[in-house]
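Working notes, beginning with the structure itself.
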Amino acid sequence: DDKPLILVNFTKLSKGRIHNKFDPNACNDPEAKSALAKRIGEDYERYASDAELIASGDVRASGTSCWRAALAELRKERPGQFFAPVFPPPS
């Protein structure tokens, strides 16, 4: 059962404070990432439909069945930029 989610560029949305420059699968500041993910999740619809963020590729729509492969691709395409999934709030 595929559910929607967004893949978010935490590096861009944190103005560079959150990144993965030293390890493509790790985050340099998990606490800051968690706090920002919570804020994005609380305003999920705004981020999921933000035309500017979508156009820049910093927010990408995905689904629970395919996000891991898409995330791996993004981390290869944009080294040093930390992307992670943000799920919509429970309905």
Side-chain angles (χ1 to χ4, degrees):
D1 196 23
D2 202 28
K3 303 256 191 275
L5 61 97
I6 52 176
L7 297 174
V8 176
N9 185 341
F10 282 83
T11 303
K12 190 64 141 298
L13 293 181
S14 69
K15 297 181 174 57
R17 288 188 313 271
I18 300 168
H19 62 79
N20 64 355
K21 290 179 181 148
F22 309 112
D23 178 349
N25 299 308
C27 173
N28 68 310
D29 190 342
E31 286 180 17
K33 182 264 176 189
S34 182
L36 182 54
K38 185 174 190 263
R39 285 201 309 272
I40 294 168
E42 288 169 352
D43 206 2
Y44 181 87
E45 286 305 321
R46 183 174 74 80
Y47 284 92
S49 62
D50 186 304
E52 192 175 318
L53 290 173
I54 293 166
S56 66
D58 293 315
V59 169
R60 298 192 185 190
S62 193
T64 52
S65 66
C66 60
W67 71 267
R68 286 177 179 82
L71 185 62
E73 200 57 40
L74 283 169
R75 288 180 178 175
K76 268 191 240 164
E77 286 173 17
R78 294 175 158 192
Q81 296 185 35
F82 184 74
F83 280 84
V86 175
F87 299 87
S91 47

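Note that the structure is a prediction, hence the values are computed from the model and not measured. Side chains included, hydrogens not; waters and symmetry mates left out as well; all remaining heavy atoms used.
Nearest heavy-atom pair across Tyr44 and Pro89 is CB-CD, 3.7 Å. Closest non-hydrogen pair, Ala84 versus Phe10, comes out as CB-CE1, 3.6 Å. Closest of all the heavy-atom pairs between Lys33 and Cys27 is CB-SG, 3.7 Å. Summarising the geometry of Trp67 relative to Pro85, their closest heavy-atom pair is CZ3-CG, 3.4 Å, with the distance given to 0.1 Å. The shortest non-hydrogen separation linking Ala70 to Leu7 is CB-CD1, 3.7 Å. Among all heavy-atom pairs drawn from Ile54 and Ala48, the shortest one is CD1-O, 3.4 Å.
Annotation: side chain of Asp58 is in contact with side chain of Arg78 (closest heavy-atom distance under 4.5 Å). Residues Arg68 and Leu71 are not in side-chain contact: their nearest non-hydrogen atoms beyond the backbone lie 4.5 Å or more apart. Looking at Val86 and Tyr47, their side chains never come closer than 4.5 Å, going by heavy atoms from C-beta outward. Using a 4.5 Å heavy-atom cutoff, the side chains of Phe22 and Asn28 are not in contact. Counting only heavy atoms from C-beta outward, the side chains of Val8 and Leu13 approach each other to under 4.5 Å.
Between the side chain of Ser34 and the backbone N or O of Pro30 there is no donor-acceptor pair closer than 3.5 Å. A side-chain donor-acceptor contact under 3.5 Å links Thr64 to the backbone of Lys3. Counting only distance, with no hydrogens or angles, the side chain of Arg75 and the backbone of Ala72 share no donor-acceptor pair below 3.5 Å. Looking at Arg17, its side chain does come within 3.5 Å of a backbone N or O of Ser14 through a donor-acceptor pair. Here the side chain of Asn20 pairs a donor or acceptor atom with the backbone of Gln81 at under 3.5 angstrom. With hydrogens and angles disregarded, a donor-acceptor distance shorter than 3.5 Å links the side chain of Thr11 to the backbone of Ile18.
Rounding to the nearest 0.5 Å places CZ of Phe82 at 11.5 Å from CG of Leu74. Leu5 contributes atom CG, which lies 8.0 Å from atom CG of Asp2 (distance to the nearest 0.5 angstrom).
Counting heavy-atom neighbours within 6.0 Å of Glu77 CD, excluding the residue itself, gives a total above 12. Heavy-atom contacts from other residues, nucleotides or ligands closer than 6.0 Å to CD of Glu42 number more than 12.
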